[in-house]
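What follows is a set of notes on a single structure, which appears directly below.
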Amino acid sequence: MDQLEKASQKSMLHPKPKGLMLQYGTAGFRTTAKHLDHVMFRMGLLATLRSRKTKSTIGVMVTASHNPEEDNGLKLIDPMGEMVTPSWEGYATQLANAEQEVLCSALKDIIEKETINMSETASVFVGRDTRPSSQRLSQAVLDGVSCLGGQIQDYGLVTTPQLHYMVRCRNTHGCYGTDTLQGYYQKLSQAFIELTKNARNHTDDQKRLLVDGANGIGALKVRELEACLQSELQMVLFNDGSNGKLNYLCGADYVKVQQKPPQGQLEYSPWCERCCSFDGDADRIVYYYNDSDGSFHLLDGDKIATLISTYLKELLTQAGLNLQIAVVQTAYANGSSTQYLEDIMKVTVSCTKTGVKHLHHAAQKFDIGVYFEANGHGTALFSEKAEKEIQQLVKDPNVSDEKKHAAKLLENTINLINQATGDAISDMLVIEAVLAIRGMTVQEWDSIYTDLPNRQLTVKVADRRMIDTADAERRAVTPAGLQDSIDALVKKYTKARAFVRPSGTEDLVRVYAEMSWHMKSQSP
Ligand SMILES: CC(=O)N[C@H]1[C@@H](OP(=O)(O)O)O[C@H](CO)[C@@H](O)[C@@H]1O
Ligand SMILES: [Mg+2]
């Protein structure tokens, strides 16, 4: 029997609920776990085709990130560890929605359009988060891959960024690192230890950090990392999954959106202590602390981008390197951060649509592109040119000690930062290293600029696709009149900005608004 017919027959064991339509959204498929078995199997098939097409290893991560525990989802990872290319997102949607009778022809269609040679070898890496449904669903992915004759490496429980890292390591034949968990921990911890060994602010007090694991995979992996860090970072882990529910009253999304500490934080944290929260698949991180009068301070993705880009820019100046550095944000970036970066830091800032894939691609256009969503998802990308110039400087016997020192710090920072995708563990280590090197407390970091007060709300509507946006989602084009009403309101306030857009991960509309505390004085 031909491979495709076999796949189509096997797919009956993973039946699609009739009429169910799903879309590969901002970050892959996401919905209640009950409705995903067929999607998983079919994405196993698609990943195998993608692997044949690219002659590379492809990743499939089973996770629904910050969504409730009952949900699940899937992300496809392309050869360099980035999110799958948009044209294949379209195939993913087609395949997920094909009724059983037409599945075989839907597969044939993709094979023909992409001229895929089915006798090529194929290789797929699979990982999953800690949700109760993840094991069963990742088994469906594995079934799909083996059905089309793909080779499988099942990493089991890993964070999303760890799987991205593995894929990149494999496809660069080890140049990026070793494609094992141990390889990941060693690469990161060695770079962290190198970076912080002579740091002026690396006292025992400064080494303490409270980590909210969102009761998810990040908590498990932080425990594994700990052993490699040789006490150079002393993490106090809470919401570690031992009794709480995944993402419930905790985690990066909760802290960012609610603008309050996660459950459990106050039990551990004295005033002004640095704390951070991961999200459910550990690709996002936010920091925060409570000050002495008990008020809560959030340091989100914008503050992280500012800290990292300021640090990199200083090192480039010290090293005498003329490389262009830029920060990529989305419409959710606080206006104060954009103003600080453009006016004070004088770095290029660009704004893209929501979703890491957009930021990632925009960041690749610069020598060094730092990108962060306000919710804490981001990283820094170094172009080949940037890496080469930095490495040359490290080796150059004729440069001053100051320049060499700066170049070495840059080199270790490149090793510490996950260039495949935003990574809570890697970002945490970068932030901790930068604070130690610059001798900064969390309050000093926080005071770089003051956020404009802001709110993010969600609204349930009958059909969120009624809203279409333009200008990196900052303006609503449809329905008619919506943007005019927003503009009329915004005009009344100082430094105000507001926009609405349909979510790409949930069936709702997101509303964002920010403004300064002061209302514009009414003109007579
Ligand atoms: C405002 C917001 O935080 N949106 C999030 C959320 O996307 P939505 O399309 O807004 O649902 O989930 C994405 C995936 O995790 C993340 O990339 C994005 O930043
Ligand atoms: Mg996530």
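When a ligand or atom number is given, it counts from 1 through the structure's own listing order.
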Phe499 and Tyr332 aromatic ring geometry - parallel, tilted or perpendicular at 30°/60° bounds: perpendicular
Counting only protein N/O/S, how many atoms fall short of 2.8 Å from the Mg ion (ligand 2)? 4
Pairs flagged by salt bridge (Lys or Arg N to Asp or Glu O under 4.0 Å) wherever residues 472-488 is involved - sequence neighbours left out: Asp471-Arg474, Glu473-Arg501, Arg475-Asp487
Lys/Arg-Asp/Glu bridge criterion (N-O < 4.0 Å) met for Lys16, Asp37: no
Could you check whether the rings of Tyr24 and Phe29 sit parallel, tilted or perpendicular, using 30° and 60° as the cut-offs? perpendicular
Can you confirm whether or not the ring centre of His297 sits under 6.0 Å from the ring centre of Tyr289? yes
Side chains of Asp281 and Thr160: donor-acceptor distance under 3.5 Å anywhere? yes
Between Glu226 and Tyr185, is any side-chain donor less than 3.5 angstrom from a side-chain acceptor? no
Tell me which residues fall inside the under-4.0 Å heavy-atom shell around ligand 1. Thr26, Ala27, Arg30, His66, Arg284, Tyr332, Thr354, Gly355, Glu373, Asn375, Gln456, Arg501, Ser503, Gly504, Thr505, Arg510
Would you kindly say whether Tyr155 and Thr180 are connected by a side-chain donor-acceptor distance under 3.5 Å? no
Show me the pairs that pass salt bridge (Lys or Arg N to Asp or Glu O under 4.0 Å) and involve residues 233-249, at least two apart or across chains. Glu70-Lys245, Arg223-Asp240
